[in-house]
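Each remark here refers to the structure printed beneath this line.
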Protein chains: 2
Amino acid sequence: MQRDTRQRRAIREVVMVQASPLTPLEILTEAQKLVARLGLATVYRNLRMLLDEGFLREVLIPGDSPRYEQAGKGHHHHFFCFRCGKVFEIAGCRPEVNTLVPAGYIQEFHELTFYGSCAGCALEVAEESGNAGTR
Amino acid sequence: MQRDTRQRRAIREVVMVQASPLTPLEILTEAQKLVARLGLATVYRNLRMLLDEGFLREVLIPGDSPRYEQAGKGHHHHFFCFRCGKVFEIAGCRPEVNTLVPAGYIQEFHELTFYGSCAGCALEVAEESGNAGTR
DNA sequence: ATCGTTGCAAAGTCTTTGCACTTCA
DNA sequence: TGAAGTGCAAAGACTTTGCAACGAT
């Protein structure tokens, strides 16, 4: 039988509070604020369990560590910001995407990831170049 | 000045011949047929150089090792087959994809990866279940 | 002959595993 | 209490780096 430990509770807590998916290390750092002596192996073990039991969803950003978010948010994708390194949720999808797969293939799901500057970082970039240009 | 070594030539050769992107280990195995004593470190070093010089493009399949394909093939995506583990090229894209990114974000590029059974494996699956049903 | 490159082995990073101890039920 | 869970350290997979020897120019 599965037990409800302080560690597991802390990890669940941390993931639920966050808007964007977290890496195992980010989860460790956050959860250690709740359970000081928490170890990284415990985080990995619990991520696997919470994944299996369907509480978490794995978000794989090509070229970066896996991240974890609360499951059941509906189909959506992510935006990875090069400037701040954060991942943002992009709501929705477009049905046209599925027309790309040729006949004969059986598509089960897809992952779509955008890369660039998030709104906040884009503003900074604009200010910097804007100031340089006007003054 | 950069040199034209047997090793580098072999790696370039291997990538050019392949239709789908290869992992570093696959490249090592193939290239060792051309240069027997080739080492994995040399493969990694050359992948980096060929990437920098623009000969290669890195294909990142979320949840799998990075793969490398010849650059300059135009915008396209990939299909990862769960059954055989191979990666297939999916031609083209849909402009609607870009409408998903909210105003304020600056999108530089995107990656779209499909998962499921490739045409060959889908056939096998169909045969198996077909036979089971009719006989 | 020079100096970029190589092969090997050692070092890193990230993740998983083994094990004695702890703790929830 | 007793089995699931934990922390720590050791082991694994994959990738990078240090270094002496090699070989393209």
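Here is how names work: the chains are called A, B, and so on, in the same order as the sequence lines, proteins then strands, and each is numbered from 1.
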- Message: Rounded to whole Å, how long is the line connecting atom CG of B:Asp52 with atom P of D:dT16?
- Response: 12 Å
- Query: Rounded to whole angstrom units, what separation is found between the CG atom of A:Leu25 and the P atom of C:dT16?
  - Reply: 14 Å
- Please, which pairs that meet salt bridge (Lys or Arg N to Asp or Glu O under 4.0 Å) have at least one residue in residues 84-100 of chain B, sequence neighbours excluded? B:Lys73-B:Glu89, B:Arg94-B:Glu96
- Item | Any residue meeting ring pair (Phe, Tyr, Trp, His ring centres under 6.0 Å) with A:Phe55, in chain and number order, not counting sequence neighbours | none
- Task: Starting at atom CG of A:Leu47, determine the distance to atom C1' of D:dG5, rounded to an integer number of angstrom.
- Result: 15 Å
- Message: Heavy-atom nearest nucleotide on DNA chain D for B:Pro24 versus A:Met49: which residue maps closer to 5'?
- Response: A:Met49
- In whole Å, what is the span from the CG atom of A:Asn46 to the P atom of D:dA4? 15 Å
- Tell me, please, which residues at least two apart from A:His77 pass ring pair (Phe, Tyr, Trp, His ring centres under 6.0 Å). A:His75, A:His110
- Does A:Gln32 use its side chain to pair, donor to acceptor, with the backbone of A:Leu38 at less than 3.5 Å? yes
- Task: Quick one: label B:Leu38 by what it contacts on the DNA or RNA (base, sugar-phosphate, nothing), any heavy atom closer than 4.0 Å.
- Result: sugar-phosphate
- Can you tell me how far C1' of C:dT5 sits from CE of B:Met1, to the nearest Å? 14 Å
- Message: Could you work out, with salt bridge (Lys or Arg N to Asp or Glu O under 4.0 Å) as the rule, every residue matching B:Arg12, not counting sequence neighbours?
- Response: B:Asp4
- Item | Protein-nucleotide distance (A:Asp64, atom CG; C:dT13, atom P), rounded to Å | 16 Å
- Task: Under the salt bridge (Lys or Arg N to Asp or Glu O under 4.0 Å) rule, collect the residues that match up with B:Glu58, sequence neighbours excluded.
- Result: none
- Grab the CG-P distance between A:Leu50 and D:dA4 for me, whole Å please. 17 Å
- Query: Just by protein heavy atoms under 4.0 Å, how would nucleotides 17-25 of chain C read 5' to 3' in B, S and -?
  - Reply: BB----BBS
- Could you give the CZ-to-P distance, from B:Arg37 to C:dG7, as a whole number of Å? 8 Å
